Amino acid sequence: MTITERTAQGELGLTTVLIARERRAAETRVAATPETVKRLVGLGCNVHVEQGAGQAAGYPEGAYGDAGAELFDGSAAEATDRWARADVLLAVQAPQAGSGAGLAQLRPGALVMGLLDPFANRDLIGTLLERKLSAIALELLPRISRAQAMDALSSQANIAGYKAALQAAAALDRFFPMLMTAAGTVQPAKVVVLGAGVAGLQAVATARRLGALVKVSDVRPAAREQVESLGARFIEPPVMEQSPGEAGGYAKEAGAVFLEAQRQLLAPHLAEADVVITTALVPGRPAPLLITREMLGLLRPGAVVMDLAVAQGGNCAASQPDQETVVDGVRVIGAGNLPASVPFHASSLYARNLAALLEYVLKQGGLTQLDPEDPLIDPCLITHQGQCRRADLSPVAQEVAA
Ligand code: NAI
C-alpha cells in the first residue's frame, strides 16, 4: 500500500510540515520549493509555508499556494501558532535562538531536519534536548547508495565547486582560456585544486570548461582516475609508511609528517599556479593545513586562493570565513556559503534531498514509528525525543546540561 493510501485510511495520520523563512545572515536558500511541496502534499502532509520563505531563492508565494501549501504571515502570533502545530520543521540551517518564533515553540517529539552543523552549534543541542525534540542533521547522512537522493552535502558541494571556479575566474587578473588574437597569444590560466571530492571535481570540471590547465592533489588513490577523466593532471601524494589511506570512500586523517611531506610536494605546483581552489577535508576533523602563510609567498602577486574548507578551519592558514585577505599580493578568499549564491538551483536540489528523506521517514510509519537504529537514520538522528544519540556529541550535551 502506498503512503497516500495508508494516510487516506487514517493509518499514518496527517503530518504537518513547516517551512519557515531562513533568518541567518546571507542565507538565501529555502528548504522546500513548490515542486517538493506538491510531492509532500501528495504524501498526505499539511504543508505550512511562511510568506516570503522562497523569495530570495526565486520561488514566488503564489506557486507555493498552487502546489497546495498553506501560507502564513511571519507576525509573532501567527508564527508561534504554526511552529506549535508542526510535526516536522524543514530547514536549510538551524534556526537561530532568540529570533522570534523558533525551536522553543515546537512541541515535544517534533522532528527538525536540516544542515544543522551540530558540532559547532551548542545552543541548538541545548534547545533540542530541553524541548525533547528529534533532529536529523543532513551532513551526517551516511554516503550509501540508498541515501544518494537525500545527499545534501553532495548536492550543495557540487554547486560550491562550480561557483568556486567562476568566482576565482572573476577575481583573477588574467584570462582562464588560451586566446589567440591578432595581438598575440594568451596562455591559459594554471589552476591547482586540492581535494578531489564532490566540490573539488566540480571545480576541476568547471575550470576545464573555461579552458584552464588544471592539476589536482588528493590522498585517495581512487581520485586519480576521476581527475584524469576530466582532463586534469593528478599530483601524486607522498609515498610513505604513514600514508593516511581511506575508509568507506573517505580519506583518513593525515599525520603531521605526511602533511609536511605533502606541502613540500605541492610547493613547486603552487609556485606556477594562477588559482588554487582548496576543498580538502576529512569528515568530522579540522581541514588539513596544505598552504601555510609562508607558502603563499610562492604564489605570484595577483594569484587567487579560494578556500572552500574555511568553515572547517581552512586548508590555507590565511583564510577567514566570508572575507578576502591579501597576503603578499595574493588574494585569499574564504568562501563560506557558495551554494547561497546560486539559491534557485541550490534550493531546488536541497529541497528534493529533504523531501526524499522525509518520504523515507514517513514510509517507516511516520514520526511515532521512526526507527532510530535504521542504518540510514542512525548516524544522522542526533537527538531523539530529547535524548542525545551520538557519542561524539555527548560532551556538548553534558556541557549544555551543566
Ligand atoms: P568530500 O569529502 O567529498 O571531499 C574532500 C576531499 O578531500 C576527499 O576527496 C579527500 O580524499 C580529500 N582530502 C582529504 N585530505 C586531503 C589532503 N591532505 N590532501 C588532499 N586532499 C585531501 O567533501 P566535499 O563535499 O567535496 O567538500 C569539500 C569541502 O568543501 C569541505 O570542506 C566542505 O565543507 C566544503 N564545502 C564548502 C562549501 C562552501 O560554500 N564553502 C559548500 C559545500 C562544501
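Order of appearance sets the numbers: ligands from 1, and atoms from 1 within every ligand. Because the structure is predicted, anything quoted here is derived from the model rather than measured. In what follows, residues are counted from 1 in the order of the sequence shown. Side chains are part of it too, since the values below use all heavy atoms of this structure and drop only hydrogens, waters and symmetry mates.
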- Any atoms of ligand 1 less than 4.0 Å from a non-hydrogen atom of P288? List them with their elements. 15 (N), 18 (N)
- Task: Find all atoms of ligand 1 within a distance of less than 4.0 Å from any non-hydrogen atom belonging to L290, and give their numbers and elements.
- Result: 18 (N), 19 (N)
- Query: Between L338 and ligand 1, does any nitrogen or oxygen pair lie at a separation below 3.5 Å?
  - Reply: yes
- Do any nitrogen or oxygen atoms of V282 come within less than 3.5 Å of a nitrogen or oxygen of ligand 1? no
- Message: Considering Q226, R143, R263 one by one, which has a heavy atom nearer to atom 1 (P) of ligand 1 than any of the others?
- Response: R143
- Item | E35 with R352: basic N within carboxylate O range, under 4.0 Å | yes
- Query: Can you list the atoms of ligand 1 that are under 4.0 Å from a heavy atom of A309?
  - Reply: 32 (O)
Donor-acceptor pairs under 3.5 Å, side chain of residues 44-57 to any protein atom, not counting sequence neighbours: which ones?
residue : atom : partner : partner atom : Å
H48     : ND1  : R82     : NH1          : 3.3
E50     : OE1  : R21     : N            : 3.2
E50     : OE1  : R23     : NH1          : 3.3
E50     : OE2  : R23     : NH2          : 2.7

- Please state whether the rings of F344 and Y59 are parallel, tilted or perpendicular, taking 30° and 60° as the class boundaries. parallel
- Item | Check ion pair R300-D173 (N to O, under 4.0 angstrom) | yes
- Measuring from the heavy atoms of A196, does anything fall under 4.0 Å of ligand 1? yes
- Should A335 be listed as contacting ligand 1, given a heavy-atom distance under 4.0 Å as the test? yes
- Kindly give the heavy-atom pair with the smallest separation between E139 and D117, and that separation in Å. OE2-N, 2.8 Å
- Which one of Q262, M306, E139, Q202 has a non-hydrogen atom at the shortest distance from atom 18 (N) of ligand 1? Q262
- Message: Could you check whether any side-chain heavy atom of M150 comes within less than 4.5 Å of a side-chain heavy atom of M113, counting everything from C-beta outward?
- Response: no
- Message: Counting only heavy atoms closer than 4.0 Å, does ligand 1 sit against the backbone of N337, its side chain, both, or neither?
- Response: backbone
- Would you please test K38 and D66 for salt bridge (Lys or Arg N to Asp or Glu O under 4.0 Å) and show each step? CA-CA 9 Å; K38 199 169 175 186; D66 293 346; over 6 Å; no
- Message: Please report whether ligand 1 has a polar contact with L259, defined as an N or O pair separated by less than 3.5 Å (distance criterion only).
- Response: no
- Message: For G336, state whether at least one heavy atom is located under 4.0 Å from any atom of ligand 1.
- Response: yes
- I159, portion touching ligand 1 at heavy-atom distance under 4.0 Å: neither
- Proximity winner for atom 7 (O) of ligand 1, if only heavy atoms of V193, T278, L281 are counted: L281
- Side-chain H-bond candidate by donor/acceptor type, T15 with D87, under 3.5 Å: no
- Would D274 and K190 pass as an ion pair if we require N to O under 4.0 Å? no
- Are L266 and L290 close enough that some pair of their side-chain heavy atoms sits under 4.5 Å apart? yes
- Message: If only side-chain N and O atoms count, and only distance matters, is there a donor-acceptor pair under 3.5 Å linking R143 with S154?
- Response: yes
- Message: Quick check on contacts: which atoms of ligand 1 are under 4.0 angstrom from a heavy atom of V198?
- Response: 3 (O), 26 (O)
- Using distance alone, determine whether Q156 and ligand 1 share an N or O pair under 3.5 Å. no
- Message: Check contact between S217 and ligand 1, using heavy atoms of the residue and a distance below 4.0 angstrom.
- Response: yes
- Taking atom types as modelled, is there a side-chain donor on N158 or Q202 under 3.5 Å from an acceptor on the other? yes
- Query: Any idea which part of A280 is under 4.0 Å from ligand 1, heavy-atom wise: side chain, backbone, both or neither?
  - Reply: both
- Message: My understanding is that we take every heavy atom of each candidate and find the minimum distance to atom 28 (C) of ligand 1. Doing that for T279, V342, L308, V310, which one comes out nearest?
- Response: T279
